[in-house]
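One structure below.
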Amino acid sequence: MTPGLRQTLLVDADDTLWENNSYFIEALVRFLDRMEGLGQPRQIVERTLRERERARTRIGGYGSLNFAASLEETAEILLGTVSPELSSEIEALGRGIYDHAIELLPRVKETAATLAGRHDLWIVTKGHLAEQLGKVERSGLRPYFKGVEVMREKDPDSYAEIIDRHGFDLARTWMIGNSPKSDIVASAAAGLQTVYVPHRTLWELEEASMTRPPTLTLVTFQDLLLHF
Ligand SMILES: [Mg+2]
């Protein structure tokens, strides 16, 4: 990287700028507890849910409301019928994630403010459009970013589309995020340089999928200031 040259930094949001996955894990544990109380072994509930999620994200994408729909389907498959009480409990689990207060990761605000003075920052996230835009607004980080892209899927084609649309110069554009698959491998395949900032809740399974190593690996978001 040429020192002093303004870079374009595309920054993932969930579990890079703020907490996210931990809310899904909490909701999952509550669902597993509830289903266990109804005689359903946790392992079977979890396996059924993962199958439903895989199928549903292809149609409905990512996000807490689609997650709740997967929980509901799982309950229906395993229990035969879902009582109105259970149904509203499940809906509340999804809503609880959707409306959750934003908890920024340590030193994110100060780091984004400093970086915004040096470089062009964009939020590049995936998920449910209204849900993701709502989180950006509530985060208070919007002023530091030139724009926000909510992708349906973070794959090489989607990255190529936004690179093309905004005319990003590949020689000085970076994707920064916590997900090996969607932030690092997919963006590298589209020609971007990458910065991997792992989050503590990352699944070990995902780690193994780093088929293209990141340009940089950092411990915390704040460490970006040492490089940019
Ligand atoms: Mg993420």
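Note that the numbering runs from 1 along the sequence shown for the chain. All ligand and atom numbering here is 1-based and tracks the order in the structure. These numbers come from the heavy atoms of this one structure, side chains and all, not from hydrogens, waters or symmetry mates.
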Counting only pairs under 3.5 Å, give me each side-chain donor-acceptor contact of residues 88-97, with atom names and distances, residues two or more places apart or in other chains.
residue : atom : partner : partner atom : Å
Ser88   : OG   : Pro84   : O            : 3.2
Ser88   : OG   : Glu85   : O            : 3.1
Glu89   : OE1  : Arg34   : NE           : 2.6
Glu89   : OE2  : Arg34   : NE           : 3.3
Glu89   : OE2  : Arg34   : NH2          : 3.0

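Between the side chain of Arg118 and the backbone N or O of Arg6, no donor-acceptor pair lies under 3.5 Å.
Excluding waters, the set of protein N/O/S atoms under 2.8 Å from the Mg ion (ligand 1) reads Asp12 OD2, Asp14 O, Asn178 OD1.
In this structure, the ring of His166 has its center less than 6.0 angstrom from the ring center of Trp122.
His100 meets the ring pair (Phe, Tyr, Trp, His ring centres under 6.0 Å) test with Tyr23; sequence neighbours excluded.
A distance of 4.0 Å separates OH in Tyr144 from NZ in Lys109, rounded to the nearest 0.5 Å.
Applying the salt bridge (charged side-chain N to carboxylate O under 4.0 Å, His left out) rule to pairs touching residues 182-192 yields Lys154-Asp183, sequence neighbours excluded.
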